[in-house]
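Every value quoted in this text rests on a predicted model; they were computed, and no experiment measured them.
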Amino acid sequence: MKIEFREFDPFDLWIWLQFSTVPSPKEKQYIEELFDSWFLLGKLGGFNAENLQVQETGIDISYMEYDQDAADESFMALMHNMSEVEYQGIWARCWFDLGTSDAIALDVLINALQQLSKEYVTIETLFIGGENKDWPVTRQREASVYDN
């Protein structure tokens, strides 16, 4: 899977997937579940690079003391919104407002999409940001799938 970054605005971000063939309903389900899961983790503050205590401890985390005060004092890193995944031929796209979530969120998404591409649905290229001239985007967003 090739990864390309284009113009990046974390508050108005399109993520584009180009497949080798038109995705089947089951393949679409995998893509949608991955995006939904990633967004839910982001909405709950999971991509907060200011509080990576376990990662920063290293390999031996047995009996690690977790500093709850440090966790509570870290700046909130929350995603705000996402659209439904849309499909057109061999393309899929989804819009996100990444809010204050940190760039680690994109690393997690890329890692997950790379594994998904190896095992379930072949993704030729992942485009992060920008637009496709042959599939214009509208500036008016539909309500998020997570808005109540």
Side-chain angles (χ1 to χ4, degrees), residues 1-59 61 66 68 70-132 134-148:
M1 181 177 83
K2 186 174 162 185
I3 299 150
E4 290 189 24
F5 282 81
R6 299 189 289 197
E7 182 180 339
F8 180 81
D9 178 352
F11 304 106
D12 186 17
L13 178 66
W14 283 96
I15 295 179
W16 304 82
L17 302 173
Q18 183 181 26
F19 304 99
S20 57
T21 61
V22 175
S24 70
K26 187 68 172 172
E27 291 170 330
K28 289 178 181 180
Q29 181 182 353
Y30 288 137
I31 295 296
E32 291 164 18
E33 287 177 0
L34 189 152
F35 278 139
D36 287 343
S37 299
W38 180 68
F39 176 72
L40 183 58
L41 285 173
K43 189 170 179 80
L44 295 173
F47 305 119
N48 184 349
E50 190 177 332
N51 186 38
L52 295 176
Q53 295 180 49
V54 178
Q55 175 66 30
E56 291 170 357
T57 296
I59 196 158
I61 59 173
Y66 192 85
Q68 188 60 47
D72 291 341
E73 292 172 7
S74 68
F75 183 71
M76 287 193 320
L78 308 173
M79 285 189 190
H80 295 289
N81 214 339
M82 82 175 275
S83 70
E84 297 280 344
V85 180
E86 301 173 58
Y87 299 91
Q88 183 175 313
I90 61 168
W91 287 93
R93 70 181 182 188
C94 193
W95 174 85
F96 294 90
D97 176 348
L98 300 183
T100 57
S101 63
D102 292 312
I104 191 172
L106 293 172
D107 284 318
V108 170
L109 178 64
I110 290 167
N111 290 340
L113 284 168
Q114 284 179 320
Q115 194 61 36
L116 185 74
S117 181
K118 288 176 186 174
E119 296 192 24
Y120 297 101
V121 53
T122 304
I123 302 168
E124 295 294 329
T125 310
L126 163 64
F127 294 93
I128 298 174
E131 296 184 17
N132 286 352
D134 57 342
W135 192 5
V137 299
T138 60
R139 290 292 151 210
Q140 285 188 312
R141 303 277 176 253
E142 293 181 21
S144 162
V145 294
Y146 293 95
D147 284 345
N148 292 330

Can you tell me how far apart [atom1] ([X]) and [atom2] ([Y]) are? Round to the nearest 0.5 Å.
| X | Y | atom1 | atom2 | answer |
| --- | --- | --- | --- | --- |
| I15 | M82 | CD1 | CE | 9.0 Å |
| F8 | L106 | CZ | CG | 5.0 Å |
| L109 | Q114 | CG | CD | 10.0 Å |
| L98 | F39 | CG | CZ | 9.0 Å |
| I128 | F5 | CD1 | CZ | 3.5 Å |
| L17 | I31 | CG | CD1 | 5.0 Å |

Which atom names give the shortest non-hydrogen contact between [X] and [Y], and what distance separates them?
| X | Y | answer |
| --- | --- | --- |
| G130 | W16 | O-NE1, 3.2 Å |
| W95 | F11 | CZ2-O, 3.7 Å |
| C94 | S83 | SG-O, 3.2 Å |
| A77 | F47 | CB-O, 3.6 Å |

Listed by chain and number, what are the side-chain hydrogen bond (donor to acceptor under 3.5 Å, both in side chains) partners of [X], not counting sequence neighbours?
| X | value |
| --- | --- |
| E86 | R93 |
| K2 | E4 |
| Q88 | W135 |

Using only atom types and a distance under 3.5 Å, with no angle test, would you say the side chain of [X] pairs donor to acceptor with the backbone of [Y]?
| X | Y | result |
| --- | --- | --- |
| W14 | N132 | no |
| T100 | L78 | yes |
| T125 | Q18 | no |
| Y30 | L116 | no |
| S37 | E33 | yes |

Checklist entry - Does a donor on one side chain and an acceptor on the other come within less than 3.5 Å for Y120 and Q29? => result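 Short answer, no.
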